[in-house]
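Just below is one structure, and these are the notes that go with it.
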Amino acid sequence: MAKLTGIEIYKHLPKTNCGDCNFPTCMAFAMQVAAKKVGLEQCPHVSAEAKAALSEAQAPPMRTVTLGTGDRALKLGGETVLFRHEEKFHHPTVIAICVQDDLSEDKLAQRIEKINQLQFVRVGQLIGVNAIAVEHTAGETSRFAQTVKLVAERSPLALVLSSTDSQALKAALEICAERRPLLCAATKENFKEFAALAKEAQCPLAVRAATLEELAELTQQVKALGVEDLVLQPEISGLADGLAKLTQLRRLALEKNFRAVGYPVMVSVTSSDPFLETAYAAMFVCKYASLIVLNGAERWQVLPILTVRQNIFTDPQVPNAVEAKLYKVGEPGPHSPVLVTTNFALTYFTVESEVENSRVPSYIAVVDTGGLGVLNAYADDKLTAEAIVKAVKTYGVMEQVAHKKLIIPGLVAVLKGEIEELGGWEVLVGPEEAAGIPAYLRNEWKG
Amino acid sequence: MPVAIPDVKKSWANAINTVTLGATKDEGGTRTKKVTVGGATSLPFHHFEGAMPYPPAIAMEVWDVAPQDWPEVLAEHFKDVWHDPGLWAKKCVEQYGADLICLRLAGCDPVRQNRGPQEAAQAVKRVLESVGVPLIVWGTGNNDKDNEIFPAVAEAASGENCLLGTITEDNYKTLIALCTAYKHKVIAESPCDVNIAKQVNILATDMGFKPEDIVMYPTSAALGYGLEYVYSVMERARLAALRGDKMLSQPMICDIGIEVWGVKEAKASEQELPEWGPQRERGPLWEATTAYVYLLTGADILVLRHPRAVASVREAIKQLMGDGLK
Ligand code: SF4
């Protein structure tokens, strides 16, 4: 939210100090409004123009645009920073896969089903493709509408309707307007008809132009026609050009509060080379697209893109921790090893991955260290003999195994004696680095 | 009526150091090619506001011993040559176009073959006589072992202007002294922490080592395994450097292949993970994607393994440098 100072608000007040707002002076009232303690409406004398000016100035620097409806609504934009370490990125980039309308009905149905299946569980989170972009290629208006109809029937994903023909879009909107698709895209040639369609259907509208200047001009023209839920689509030629345009757009919106481009940005990255397409998508997830349209629908291609998004949109302020509990890798039994580690997500996932690599089914007892790794947790007295014994006892894991052996991280070998005393188990000192786990479990673990 | 757009270009106080690796005959070495990285005056590939005189360089990883745990989709490209680090390096340069060779002395690791200093030096010599590109030599990460092997390694490569690593907060004196004596550059490692990155640079320069002879290694994480931490640490370091911090102005190296080929997304076969698609595509793409992301945060040297990842990252760099309009 762009913050207004008391002085800026004061300028728009009547300056009569009449006291009707229950504050002694307009200035006192302005200060309270700036501090968000009271609303502007508490002054009965503010003019309509002042209200409009103030609400405009208070609007967030980048608009949040909603695509889709209900449970499946997706938010685009509303971003507040250039770099994720400053705060966090708010609304994960929407990943859309394109479907062209020149496919046979069979092929089309297959492709839709393939896209629907592009959902994965990674580190306990469901991540997936969010939208289908239907592209008008074949010329015939009816063909586009038929394709949109089939996609809408067969997929719950959000819709992006891409055509240069307003008649084709109109026909498609008759089928799916209530799904709140994104219309793509208004240009300087067609913006009047496209804006009218978007306004009538109450759908978000993409605006496309070659330069940032033209883009800014076009958004103003479209906005004047009453459409405010806009998505910017700068034409890009190559990675360097795309990075330059998207970086400048983000800076204009956030650093200059330049309203004409204060909207989320989309890019289309379709390429015949899946690796290059992935390069584009991965980089524009980082810098700074709110929606990306790609062509590739292969699982091996989409998963890394979704994982980049999952990583980059993680909140950097929240210590990245997994739940402290007993985890199973494979199907451990009475002779399986029990390893101790901390709940720092990075530590845990590295350990988990190495245990998986060992192919030895195992238990991992995760101690709550407040999201600290092994050495930090030890230094901070969060990974102590007591904490380990308490956690292992709570999980009751020693009752599930025939041996009474516990493997602790090599970096805290010093805790061995104390744990043995407190827990009454035999303590084995594991490797210092997670990378040593497979060799350790395969060669040293005897059950 | 064209709209006037406010100017958002920034000019930064400081540039990233330039580091040149390799020395030719005239300079006391035997390299036929040198590689320069760094020199950027703005954030990576922000050509609209600053210069980026040198593109990021790709180093391909070669071992002193044949690896035993590389999955087939990776191993198949090197099996014919990996009994000899010289042949292996030659293949990377001639067939896959590597800018640099990164010789990892994995065989010296006590948990592997625990080879000694003379064998390490031998491997270094083999690579130097087999290729003309500059060399990175990466130790075992075991402090005692590294301090035992690097004297022979640094001497064997004397005058070649290699990049040797790594030094850490706890272990830097031996390697810094060697790099000074034998005229090599050094890799300064820190555990994903900007302050420690800076601290290691200060420790090295306090010994009289030139800040311009350091390349930072802020650790690397594979995509999906903490990449975002490293991403932000690198981004913060790069911003601090551009704002004037001379002790963070060093180019950065990312050691990607070793991280990626240790995680299941690259390592696991399709039988194990049918829902993630064929490993032949998935593995190299996981490696390449990790690299694509680090390019944006200031990676100046990328250490990679799979030829397909190498080719694709090279194409991405070309486009990021402004070539190859789509
Ligand atoms: S009611 Fe309005 S005009 Fe009157 S004092 Fe309060 S702010 Fe000023």
* Which bit of B:E265 comes within less than 4.5 Å of chain A, counting heavy atoms only: side chain, backbone, both or neither? -> side chain
* Residue A:T307 versus chain B: region with a heavy atom under 4.5 Å -> both
* Are A:R122 and B:E275 ion-paired here, with the side-chain N under 4.0 Å from a carboxylate O? -> no
* List the atom of A:L212, the atom of B:I5, and the distance in Å for their closest heavy-atom pair. => O-CD1, 3.6 Å
* Output the option from B:R282, B:R308, B:Q279 having the highest count of non-hydrogen pairs under 4.5 Å with chain A. => B:R308
* Contacting region of B:D69 [heavy-atom separation from chain A under 4.5 Å] -> neither
* Please examine the side chains of B:F48 and A:K245, heavy atoms only from C-beta on, and report whether any two atoms are closer than 4.5 Å. => no
* To do: Taking all non-hydrogen atoms of both residues into account, name the closest pair between A:A282 and B:V293 and its distance.
  => CB-CG2, 4.4 Å
* Does a side-chain heavy-atom distance below 4.5 Å link B:P278 with A:W300? -> yes
* Side chain, backbone, both or neither of B:V111 within contact of chain A (heavy atoms, under 4.5 Å) -> neither
* **Ionic contact status for A:E354 with B:K264, cut-off 4.0 Å** => no
* Asked: Heavy-atom distance under 4.5 Å between the side chains of A:I305 and B:T289, does that happen here?
  -> no
* Of the listed residues (A:R251, A:K287, A:E356), which shares the most heavy-atom pairs with chain B below a 4.5 Å separation? -> A:R251
* So, A:N311 side chain and B:G224 main chain: donor-acceptor pair closer than 3.5 Å or not? -> yes
* **Part of B:Y225 within contact of chain A (heavy atom distance under 4.5 Å)** => both
* Winner by heavy-atom pair count (cut-off under 4.5 Å) against chain B, out of A:Q117, A:E432, A:R84, A:K256 -> A:R84
* Asked: Excluding sequence neighbours, so at least two apart, what forms ring-ring contact (aromatic ring centres under 6.0 Å, His included) with A:Y263?
  -> none
* Asked: Between B:A268, B:A309, B:A316, which residue shows the highest count of heavy-atom pairs closer than 4.5 Å to chain A?
  -> B:A316
* To do: Would you indicate whether A:E433, at its atom CD, is surrounded by more than 12 heavy atoms from other residues, nucleotides or ligands within a distance under 6.0 Å?
  => no
* Please tell me if the side chains of B:V8 and A:F258 come closer than 4.5 Å, counting only heavy atoms from C-beta onward. => no
* Find the distance between CD (B:E228) and OG1 (A:T314) and round it off to the nearest 0.5 Å. => 4.5 Å
* Decide side chain to side chain contact (heavy atoms under 4.5 Å, CB included) for A:F275 and B:E281; before the verdict, give the C-alpha distance in whole Å, the side-chain angles of both, and the deciding distance to 0.1 Å. => CA-CA 9 Å; A:F275 274 53; B:E281 312 284 348; 4.1 Å; yes
* Report the option among B:K10, B:H47, B:K9, B:E49 that has the most heavy-atom pairs separated by less than 4.5 Å from atoms of chain A. => B:K10
* **Atom group of A:T247 that falls short of 4.5 Å from chain B, counting heavy atoms** => side chain
* **Beyond-backbone contact of A:M283 with B:L295, side-chain heavy atoms, under 4.5 angstrom** => yes
* Is the backbone N or O of B:V263 less than 3.5 Å from a side-chain atom of A:N357, with the two atoms forming a donor-acceptor pair by type? -> no
* To do: With side chain to side chain contact (heavy atoms under 4.5 Å, CB included) as the test, would you mind laying out the steps for B:L227 and A:Q310 before giving the verdict?
  => CA-CA 10 Å; B:L227 168 129; A:Q310 185 182 33; over 6 Å; no
* Pair B:E272 + A:R359, salt bridge at N-O below 4.0 Å -> yes
* To do: Identify the two heavy atoms, one from A:C286 and one from B:L296, that lie closest to each other, and give their separation to 0.1 Å.
  => CB-CD1, 3.8 Å
* Return the option, out of B:G283, B:G277, B:G262, with the maximum number of heavy-atom pairs under 4.5 Å with chain A. => B:G262
* Are B:R236 and A:E86 close enough for a salt bridge, meaning some N to O gap below 4.0 Å? -> no
* To do: Measure B:P284 against the heavy atoms of chain A and call it side chain, backbone, both or neither at under 4.5 Å.
  => both
* **Segment of A:F313 engaging chain B (4.5 angstrom heavy-atom cut-off)** => neither
* Part of A:E255 within contact of chain B (heavy atom distance under 4.5 Å) -> side chain
* Would you please indicate yes or no on a ring centroid separation below 6.0 angstrom for B:Y229 and A:F344? => yes
* **Candidate pair A:L239 and B:Y292, rule side chain to side chain contact (heavy atoms under 4.5 Å, CB included), full reasoning** => CA-CA 11 Å; A:L239 274 171; B:Y292 304 145; over 6 Å; no
* A:T278 vs B:W286 side-chain heavy atoms within contact, under 4.5 Å -> no
* Asked: Quick check: does any side chain N or O of A:R299 sit under 3.5 Å from a backbone N or O of B:W276, one acting as donor and the other as acceptor?
  -> no
* To do: Decide yes or no for A:Y280 and B:Q319: does some side-chain heavy atom of the first lie under 4.5 Å from some side-chain heavy atom of the second?
  => yes
* Asked: Looking only at heavy atoms, which two atoms of A:P304 and B:L285 are closest? And how far apart?
  -> CG-CD2, 3.8 Å
* Checking heavy atoms, do the side chain of B:F45, its backbone, both or neither come under 4.5 Å from chain A? -> both
* Asked: chain B: which of A:Q301, A:E214, A:E298 shares the most heavy-atom pairs with it under 4.5 Å?
  -> A:Q301
